[in-house]
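First comes the structure, then the notes that go with it.
Order of listing sets the numbers, starting from 1, for every ligand and every atom in it.
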Amino acid sequence: MDQLPSHEPDAAPAPAAQGPFPSPGTDREWWRHAVVYQIYPRSFADSDGDGIGDLPGILSRVPYLADLGVDAVWLSPFYPSALADGGYDVDDHRNVDPRLGTLDDVDALVAALGEHGIRLVIDIVPNHSSNRHVWFQEALASPPGSAARDRYIFRDGKGVDGAEPPADWASGFGGLMWERVPDGQWYLHCHAAEQPDLNWDNPEVHDDFVSTLRFWADRGVAGFRIDVAHLLAKDLSDPLPSDAEMARMPPGVHPLIDRDEVHEIYARWRTVFDEYDPPLTAVGEAWVEPERRSRYASRTGLGQAFNFDLLTANWSAPEFREVIDRNLRQAAETGSSSTWVLSNHDVVRHATRYGLPQGTPGCSQEGKEWLRTHGASPVLDRELGVRRARAATLLLLALPGSTYLYQGEELGLHEVPDLPEDARQDPTYLRTGGADPGRDGCRVPLPWTASGPAFGFSDGGAHLPQPSWFGASSVESQEGDDDSTLALYRRALSTRRNVRAGEDLRWRAARDEVLHIERAGGWHCLTTFEATAELPPGRVLLSSAPLAHEERMVPPNTTVWTLERP
Ligand code: NOJ
């Protein structure tokens, strides 16, 4: 069949429908429509051959990020850490892990990104520190009831000699949420035992975090991603409920999750953010009921909150439509802008999720378990997964709001589900004895070259082993191939930047298995799920899969962008 390439060579960038976005340096509200690229630094690029990615490695890849066309980089934790939880166990919130670089490297990265108009957003981890943090070491060396212990959440145990934990709360990371210290007291840790929870009722904790925010903002960081933003405020007044009672408690009443008081913390942070020009941005990682998310995204709070709804949605038109409608409505209500996310360092890569049998959401325990046992089986349709992933990305990039990309998705990279047991690092795997497959499979270091040591990630090895099939997905293998996923992302980002469409969105009549939206200026985006559909009006700007010339039909599992000329 005569086929059009997945783009028209002369079609991108499209003529601006309403003029290009303001240049990154002058747009105070840049975050509303930004494409933000997440870097998990230990797995991005390694400059010194120790197998762990580092800041100079990222610095060497700034031209790659500029070519990709992203507006900002979100850097996952790069702080000193024993890596009990991939860096989310922070020893010192105002320093750099020596294995990753120095504070000077952060400055150099801010400057190098800035030369390309790319902003740096960093991860802040305020719910907990590591157990090696100087505060926690002081707490351990100080007696019960001391000021040093009050920075964390220490309690006496129950039963004879306080040998039982204060409550039977189970951690989502496996095991209990309480750990006993040598003098008999217990401390709370919602995650791993190496991550003691801080006490946000203590003003010293507030003040210290404000200093941390200022420390990084003064170095040129543009904003923050707030780790587990919904957990900071807690009510640990006696009697503590049992785990079963707690599970039945609604938001706002639950002693640990999504308490209303948490917004007082963010209101104070907002006054700090607004002292800067342009104001600092923040996006909350808040795993809360969708209707409670908008409070985190309010103008007096963080300003933006992650919408994770597509992480658990199936590849289905009605499910996508519901998620899109709900999130656009919420964004309009709060004056925020939506965030679109298909992958991150905590979930199964979406190219893989979309290749699983329908109805197996890869992020669920069931889906992850399925992957672990069937990862190499032909039931996982790798090609279909990538095809749908490409279509999903073009759909999200056509929506009002900002889009968060996770490193490697621009290569159509798949999850590595079958890592050897002894290579696994994730505490969710280690603390559950393997019952939870963990998140290492989406954190395997990126392949830059088709062959060679660590596929160009490092001159040494890779801290998580890369499978042999990684080479075919490498940057080198895709460079120069117009139909590659990398080429599609580059074209999509540059086209999107040039087709300014405001916050509007109009649904066009569509069938069950097809979504068709129109943005101002005649920009159409049509996605087929398990059906074919007629091409929208206008000329084709971009298509996630080849289109048949003569038929003007869009095949299944495809997104196409067209532009109607005025
Ligand atoms: C959320 C982070 O995304 C995840 O990777 C981490 O394990 C937990 N928060 C604890 O910090």
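Listed by chain and number, the residues in a salt bridge (charged side-chain N to carboxylate O under 4.0 Å, His left out) with D346 are R439, R443 (sequence neighbours excluded). Qualifying side chain to side chain contact (heavy atoms under 4.5 Å, CB included) partners for R149, counting only residues two or more places apart in sequence or in other chains: A139, P144, S146, F154, V181, D183, Q185.
Using a cut-off of 4.0 Å between Lys/Arg side-chain N and Asp/Glu carboxylate O, R424 and D426 are scored as not salt-bridged.
Ring geometry, F209 versus W200: the interplanar angle falls from 30° to 60°, so the pair is classed tilted.
For the pairing with W448, the ring pair (Phe, Tyr, Trp, His ring centres under 6.0 Å) check across F455, F470, F44 returns one residue only, F44.
Within the structure, every pair that satisfies the salt bridge (charged side-chain N to carboxylate O under 4.0 Å, His left out) test and touches residues 294-310, not counting sequence neighbours, is listed here: D260-R295, R293-D309, D309-R326.
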Could you list, one pair per line, each nitrogen or oxygen of ligand 1 together with any protein nitrogen or oxygen closer than 3.5 Å, giving atom names and the distance rounded to 0.1 Å?
from, atom 1, to, atom 2, distance (Å)
ligand 1, 3 (O), R225, NH2, 3.0
ligand 1, 3 (O), H345, NE2, 2.8
ligand 1, 3 (O), D346, OD2, 2.5
ligand 1, 5 (O), H345, NE2, 3.0
ligand 1, 5 (O), D346, OD1, 2.7
ligand 1, 5 (O), R439, NH1, 3.3
ligand 1, 7 (O), D85, OD1, 3.2
ligand 1, 7 (O), D85, OD2, 2.6
ligand 1, 7 (O), R439, NH1, 3.0
ligand 1, 9 (N), D227, OD1, 2.8
ligand 1, 9 (N), D227, OD2, 3.2
ligand 1, 11 (O), H128, NE2, 3.0
ligand 1, 11 (O), D227, OD2, 2.7

